[in-house]
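Side chains included, hydrogens not; waters and symmetry mates left out as well; all remaining heavy atoms used.
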Amino acid sequence: MLISGKISPSYLAFVSGRADWLSLSGWVTDLGSGHVEVVAAGPEALVGALEMACILGPLDALIDHVTTSAVTAAVPQGFSICI
């Protein structure tokens with residue numbers, strides 16, 4: 001997912017926490033200028049739940065746009081914040 005908007009400092013930790021709670025693998029990284037990349041692997045319904053959580057975000061974030069695409073590369077186990 002490529003996410004754009006008013007990204008708060010807590011947004012990466014929020015996404016990582018939700019992904020851990022959903023037992024998804026992948027990572028989230030801040031691309032700068034109000035853009036974040038999220039790569040998530042797991043059951044389709046749970047990835048969809050993460051997408052919804054990313055759209056809603058924490059209270060101090062305002063998400064304008066989310067673009068999703070499939071990733072064919074292998075995703076390592078666990079979820080991390082890449083800085």
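- We find the CZ-CG distance between F14 and D60 to be 10.0 Å, quoted to the nearest 0.5 Å.
- Residues C54 and Y11 have side chains in contact (heavy-atom distance under 4.5 Å, counting atoms from C-beta outward).
- The cluster map of Ile, Leu, Val, Met, Phe, Trp and Tyr, joined by side-chain heavy atoms under 4.5 Å apart, puts W21 and V47 in the same cluster.
- Under the 4.5 Å side-chain heavy-atom criterion for Ile, Leu, Val, Met, Phe, Trp and Tyr, L22 and V75 are members of distinct hydrophobic clusters.
- A chain of hydrophobic side-chain contacts below 4.5 Å, direct or via other Ile, Leu, Val, Met, Phe, Trp or Tyr residues, connects V28 to I55.
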Return all side-chain donor-acceptor pairs below 3.5 angstrom for residues 30-46, not counting sequence neighbours, or 'none' if the list is empty.
unit_1: D30; atom_1: OD1; unit_2: G32; atom_2: N; d: 2.8
unit_1: H35; atom_1: ND1; unit_2: S33; atom_2: O; d: 2.8

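- Between the side chain of K6 and the backbone N or O of D64 there is no donor-acceptor pair closer than 3.5 Å.
- Residues M1 and L12 share a single hydrophobic cluster, defined by chaining ILVMFWY side chains whose heavy atoms lie under 4.5 Å apart.
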Practice prompt. Mind running side chain to side chain contact (heavy atoms under 4.5 Å, CB included) on I63 and I7 for me, showing each step along the way?
Written response: CA-CA 7 Å; I63 305 307; I7 305 299; 3.8 Å; yes
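- Counting only distance, with no hydrogens or angles, the side chain of T29 and the backbone of C82 share a donor-acceptor pair below 3.5 Å.
- Proximity of a side-chain donor or acceptor of S25 to a complementary backbone N or O of G78 within less than 3.5 Å is detected.
- Note on L62: it does not cluster hydrophobically with V66, by side-chain heavy-atom contacts below 4.5 Å among ILVMFWY residues.
- The shortest non-hydrogen separation linking F79 to L24 is CB-O, 3.7 Å.
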